[in-house]
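Encoded as structure tokens, the structure appears first; notes follow it.
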2 protein chains.
Amino acid sequence: MNVIPVAMATGEFRCTAYSCRVAKQRQRLSRDTIVGCAVTLADAEGLDAVTIRRLAQENGVTPMAMYWHFNDKESLLDALAEHLLDNVVLPEPTDEPWDVQLRAILAAILAALRPHPAFAGLAMRRVLAAESGLLLAERTLGLLAEAGLEPRRAAEVATFLLCSVITLVASDPEGVAEPSEEKLRRKQADMQALSPARYPHVIAAAPDLVECRSGEGFFTHNLDLLVHGVRASR
Amino acid sequence: MNVIPVAMATGEFRCTAYSCRVAKQRQRLSRDTIVGCAVTLADAEGLDAVTIRRLAQENGVTPMAMYWHFNDKESLLDALAEHLLDNVVLPEPTDEPWDVQLRAILAAILAALRPHPAFAGLAMRRVLAAESGLLLAERTLGLLAEAGLEPRRAAEVATFLLCSVITLVASDPEGVAEPSEEKLRRKQADMQALSPARYPHVIAAAPDLVECRSGEGFFTHNLDLLVHGVRASR
DNA sequence: ACCTGAACACCGTTCAAGT
DNA sequence: ACCTGAACACCGTTCAAGT
């Protein structure tokens, strides 16, 4: 969290709790500072809060200033996606078996996305475009070839694996990091109020169903599931 | 496609190519007609085109009329999600082994979502709320218990499986059904222009990577991967 | 019960212009 | 090179009012 709460003296521009830059000495804007601001904003208030106008305001600048740094909002989102992919710390190739290495790669992606569930879903649009994304794809395809998959099948599996890992993080219905604790309890109560005759398993699993996404097991177990799936489906 | 193109005589309201209701005899609005309109609109122009104001216009009605039928846009999207889940034709329970039945359920979900890639992703938010979604969850949890998974693990896997199937459809970067053929070729060309030293596998797989999502194999093979994964990770 | 009118606080984006 | 001002065509939503 590189949020910088500031108590403003001058009223030069509105300075919210999530203001991303200090007012006194406003250095020049850059793509990176804007992306950084967008990241903290999305983390704190969800992707919907990431707005051209809001970003401008956070930086004490006119909305139109953004258009010098980005062509349009689409390319701003692209930059957010690439920020995620750039944060993936890809493990060096080893002489371990393909499945161990594949798991390590997927885990690395997971680790980079988990801090940002609000916009992890954006990563998908740049895996085959950004350099860091292509590197992931390259390594994944290589390992799948090593596993003995024919090319077409390797492409299908690689695409699916990357999407699945992203989904593992982004599937959370709430866009924001903290699903508010309150809503979760209500959801659980709703489920347990169902007809016990028709939904016995759902009722019994209600606490797990609402909680499991925030446990460590959800990620490790389902990564295992994926890798086992690849091995078994050859 | 229940799109009704109309050659308007009167100018009573603007009638686009995707107008969802005929002008001459405007019967009453209902949640169902609005949802139907939203579905064809999303299929044709993407989810972004589904707008309170646009829906009103398509139905020759004031934007505010929507607010009698839906509390807000969120609940409109909820209705879209439930429309998807309602279309799942759940296979009857049989005495086949659990994995065969599980695959059949996942395939049924897939079949319901595939016609609507633009908003298939919405399904996630209502699986544990809508009746038809809860039925899916119930059956899935039952089969996973039958497979011998402990409750917590079953909840994790069920959540992941449902998300993954949805992702299988919704992961397409383009929101619209037809990714425009033109862009696909450009994407493929971009990839094949990469450094052959650094990205040999990506370059070789370029055609497959851009095409594989529209082939039948992408879905059947990855469904198999998931089911195999469940079996192997017990 | 079902819909309209007017208004509010937001969006993304373009174009010309300033320094 | 970097940013502003004014304007345009959109959003979702509220509130009071009409039939």
Side-chain angles (χ1 to χ4, degrees), chain A residues 11-14 16 18 20-23 25-38 41-42 44-81 118-119 122 125 175, chain B residues 10-14 16 18 20-38 41-42 44-81 118-119 122 125 175:
Chain A
E12 192 191 342
F13 64 92
R14 228 186 101 213
T16 79
Y18 301 110
C20 299
R21 301 175 73 227
V22 198
Q25 43 183 20
R26 237 190 57 204
Q27 71 259 36
R28 277 262 216 38
L29 237 51
S30 72
R31 283 180 64 100
D32 283 341
T33 63
I34 295 174
V35 168
C37 187
L41 198 48
E45 305 183 29
L47 190 53
D48 285 347
V50 176
T51 264
I52 297 276
R53 294 179 114 102
R54 177 72 183 273
L55 286 173
Q57 170 186 304
E58 299 287 344
N59 291 90
V61 117
T62 294
M64 292 70 74
M66 299 290 128
Y67 287 91
W68 198 91
H69 300 276
F70 297 93
N71 285 330
D72 50 16
K73 194 176 181 188
E74 285 286 287
S75 47
L76 205 187
L77 296 180
D78 285 348
L80 266 180
F119 59 102
L122 294 178
R125 65 200 280 159
Chain B
T10 95
E12 193 191 344
F13 63 92
R14 229 185 99 215
T16 78
Y18 300 110
C20 300
R21 302 175 73 228
V22 198
K24 40 179 181 164
Q25 44 183 20
R26 238 188 58 206
Q27 72 258 36
R28 277 261 216 34
L29 236 52
S30 73
R31 284 179 65 99
D32 282 342
T33 63
I34 294 173
V35 168
C37 187
L41 198 49
E45 304 184 29
L47 190 53
D48 285 347
V50 176
T51 263
I52 296 275
R53 294 180 114 101
R54 177 72 186 274
L55 286 173
Q57 171 187 303
E58 298 287 345
N59 291 91
V61 118
T62 295
M64 291 70 74
M66 299 291 127
Y67 287 91
W68 199 90
H69 300 276
F70 296 94
N71 284 330
D72 50 17
K73 192 176 182 186
E74 284 285 287
S75 46
L76 205 185
L77 297 179
D78 285 349
L80 265 180
F119 59 103
L122 294 178
R125 67 201 278 158

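All chains are named by letter (A, B, ...) in the order of the sequence lines, taking the proteins before the strands, and each is independently numbered beginning at 1.
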Paired and unpaired positions of DNA chain D as dot-bracket, Watson-Crick or G-U wobble under 3.5 Å, | denoting a partner strand: ||.|||||...|||||.||
Partners passing side-chain contact (heavy atoms from CB on, under 4.5 Å) against [X] (at least two apart in sequence or in another chain):
X: B/Thr62; result: B/Met64
X: A/Tyr67; result: A/Ile52
X: B/Ala65; result: B/Val61
X: B/Asp72; result: B/Glu74, B/Ser75

Within residues 64-78 of chain A: residues closer than 4.0 Å to DNA chain D (heavy atoms):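 Output list: A/Met64, A/Ala65, A/Trp68, A/His69.
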Closest listed nucleotide, where the reference is the side chain of A/Arg53 and the choices are D/dG12, C/dT13, C/dG5: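 Of D/dG12, C/dT13, C/dG5, C/dT13 is nearest to the side chain of A/Arg53.
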Closest to the A/Ile52 side chain, choosing from D/dC3, C/dT13, C/dG5: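 Looking only at side-chain atoms, A/Ile52 lies closest to C/dT13.
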Please report, rounded to the nearest Å, how far the [atom2] atom of [N] is from the [atom1] atom of [X].
X: B/Arg31; N: C/dC2; atom1: CZ; atom2: P; value: 13 Å
X: B/Leu47; N: D/dC11; atom1: CG; atom2: C1'; value: 14 Å
X: B/Asp48; N: D/dC10; atom1: CG; atom2: C1'; value: 13 Å

Steps toward side-chain contact (heavy atoms from CB on, under 4.5 Å) verdict (B/Val35, B/Phe70): CA-CA 10 Å; B/Val35 168; B/Phe70 296 94; 4.0 Å; yes
Main-chain N/O of B/His69 paired with B/Arg31 side-chain donor or acceptor, under 3.5 Å: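 Yes, because the side chain of B/Arg31 sits within donor-acceptor range (under 3.5 Å) of the backbone of B/His69.
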Please list each protein N or O that sits under 3.5 Å from an N or O in nucleotides 16-19 of chain C, with the distance.
none

Phosphate-side-chain proximity, B/Thr51 and D/dG12, N/O vs OP1/OP2 below 4.0 Å: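 Affirmative; the distance criterion is met.
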